[in-house]
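Numbers here simply count residues along the sequence, with the first being 1.
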Amino acid sequence: MAATSTIGKIYEDLVGLASEAIETKYIFPGERPNTSKEGTPLTSFLVVNLPTPLENLMVGYKKKVLYTDGIIHVFVKGKSNNTLNVNATGNLVDKVLDAFPYVGKCCSCIRPVVRMRGADEYGYHYATISFDIETKVNAFS
């Protein structure tokens with residue numbers, strides 16, 4: 001079922017961007033999955049998020065043009081000694097970056113910036129790709 005809310009439509013485009021790099025079943029909107037449970041053998045996954053406010057650039061008009069930032073967190077399971085798997089992380093980050101600039105149904109994702117973040121408490125290392133999001137005029141009508 002297609003999203004009907006503004007935020008839902010933007011998340012659909014973010015999943016579309018991320019799916020250029022990895023299968024959709026390994027993409028999670030909003031928050032990371034609980035990978036500490038048994039039977040969740042994820043070697044890598046992506047989390048897409050909208051961490052900043054949606055700013056309407058056309059205030060006072062019926063048209064809606066929004067500007068915000070997006071983030072894709074790239075998680076890759078560490079090596080057996082919990083060190084960074086440089087090649088696997090680098091390859092997945094490169095696949096995501098290759099999708100830029102991305103033009104979706106309602107917005108464009110441009111100007112990506114990569115930051116290596118380190119390890120989490122579940123044995124994954126992660127990088128953050130932040131980028132600008134600009135929506136199309138009347139994309140939400």
Side-chain angles (χ1 to χ4, degrees), residues 1-80 82-141:
M1 186 167 114
T4 56
S5 70
T6 300
I7 292 173
K9 288 179 180 181
I10 294 173
Y11 267 111
E12 280 183 349
D13 276 357
L14 294 183
V15 170
L17 165 63
S19 69
E20 299 279 326
I22 196 170
E23 291 179 62
T24 307
K25 67 181 179 179
Y26 300 117
I27 301 169
F28 303 93
E31 298 295 326
R32 62 166 289 150
N34 183 353
T35 54
S36 63
K37 291 182 179 178
E38 293 286 331
T40 313
L42 295 175
T43 56
S44 61
F45 60 93
L46 303 177
V47 175
V48 295
N49 209 342
L50 292 170
T52 60
L54 298 170
E55 178 184 356
N56 188 352
L57 301 178
M58 305 282 287
V59 175
Y61 296 92
K62 289 184 181 179
K63 296 178 181 177
K64 191 188 278 186
V65 177
L66 301 175
Y67 174 82
T68 190
D69 297 322
I71 287 184
I72 297 177
H73 300 285
V74 177
F75 287 88
V76 176
K77 190 76 171 160
K79 292 181 180 180
S80 60
N82 200 30
T83 59
L84 175 64
N85 189 334
V86 176
N87 288 331
T89 304
N91 289 338
L92 189 50
V93 166
D94 286 346
K95 286 180 183 179
V96 174
L97 291 176
D98 286 346
F100 284 92
Y102 180 81
V103 179
K105 292 178 183 174
C106 74
C107 63
S108 298
C109 301
I110 54 177
R111 295 187 284 278
V113 176
V114 178
R115 292 175 183 86
M116 297 303 293
R117 294 296 189 181
D120 67 8
E121 59 194 66
Y122 302 108
Y124 289 86
H125 293 262
Y126 69 105
T128 298
I129 302 171
S130 58
F131 50 93
D132 295 334
I133 298 173
E134 296 174 352
T135 62
K136 298 175 183 177
V137 176
N138 290 333
F140 307 105
S141 300

Practice task
Spell out, as yes or no, whether a donor-acceptor pair under 3.5 Å connects the side chain of Tyr124 to the backbone of Leu42.
Solution key: yes

For residues 66-79, the salt bridge (charged side-chain N to carboxylate O under 4.0 Å, His left out) pairs (sequence neighbours left out) are none

- Is any side-chain heavy atom of Leu14 less than 4.5 Å from a side-chain heavy atom of Ile72? no

Sequence neighbours excluded, the answer for ring-ring contact (aromatic ring centres under 6.0 Å, His included) partners of Phe131 is Phe100

Given the options Ile22, Leu46, Val114, Val96 meets side-chain contact (heavy atoms from CB on, under 4.5 Å) only with Leu46

With sequence neighbours left out, the residues meeting side chain to side chain donor-acceptor pair (under 3.5 Å) with Thr24 are none

Here the salt bridge (charged side-chain N to carboxylate O under 4.0 Å, His left out) pairs for residues 110-131, sequence neighbours left out, are Arg32-Asp120, Arg111-Asp132, Arg111-Glu134

Output for pair (Asn49 CG, Phe28 CZ), nearest 0.5 Å, gives 14.0 Å

Ile129 and Pro112 have their tightest heavy-atom pair at CG2-CB, 3.9 Å

When rounded to the nearest 0.5 Å, the distance separating CG of Leu17 from OG of Ser108 is 11.0 Å

Output for pair (Thr89 OG1, Asp94 CG), nearest 0.5 Å, gives 10.5 Å

So CD1 of Ile10 and CG of Leu50: to nearest 0.5 Å the spacing works out to 6.0 Å

Please evaluate residues Thr135 and Asp13 with respect to the criterion side chain to side chain contact (heavy atoms under 4.5 Å, CB included), reporting the C-alpha separation (whole Å), side-chain torsions for both, the decisive distance (0.1 Å), and the verdict. CA-CA 10 Å; Thr135 62; Asp13 276 357; over 6 Å; no

| message | Let's go through Asn85 and Thr43 carefully: what are the C-alpha distance in whole Å and the side-chain angles of both, what is the deciding distance for side chain to side chain contact (heavy atoms under 4.5 Å, CB included) to 0.1 Å, and is it a yes or a no? | response | CA-CA 11 Å; Asn85 189 334; Thr43 56; over 6 Å; no

> Would you say the side chain of Asn91 lies within less than 4.5 Å of the side chain of Val76, judging by non-hydrogen atoms?
Replying inline: no

Exercise. Could you tell me whether a side-chain N or O of His125 sits under 3.5 Å from a main-chain N or O of Val74, the two making a donor and an acceptor?
Key: no

Sequence neighbours excluded, the answer for side-chain contact (heavy atoms from CB on, under 4.5 Å) partners of Glu31 is none

Residues Glu23 and Ile27: closest non-hydrogen pair is O-CG1, 3.7 Å

Across all chains, not counting sequence neighbours, the ring-ring contact (aromatic ring centres under 6.0 Å, His included) partners of Tyr126 are Phe75

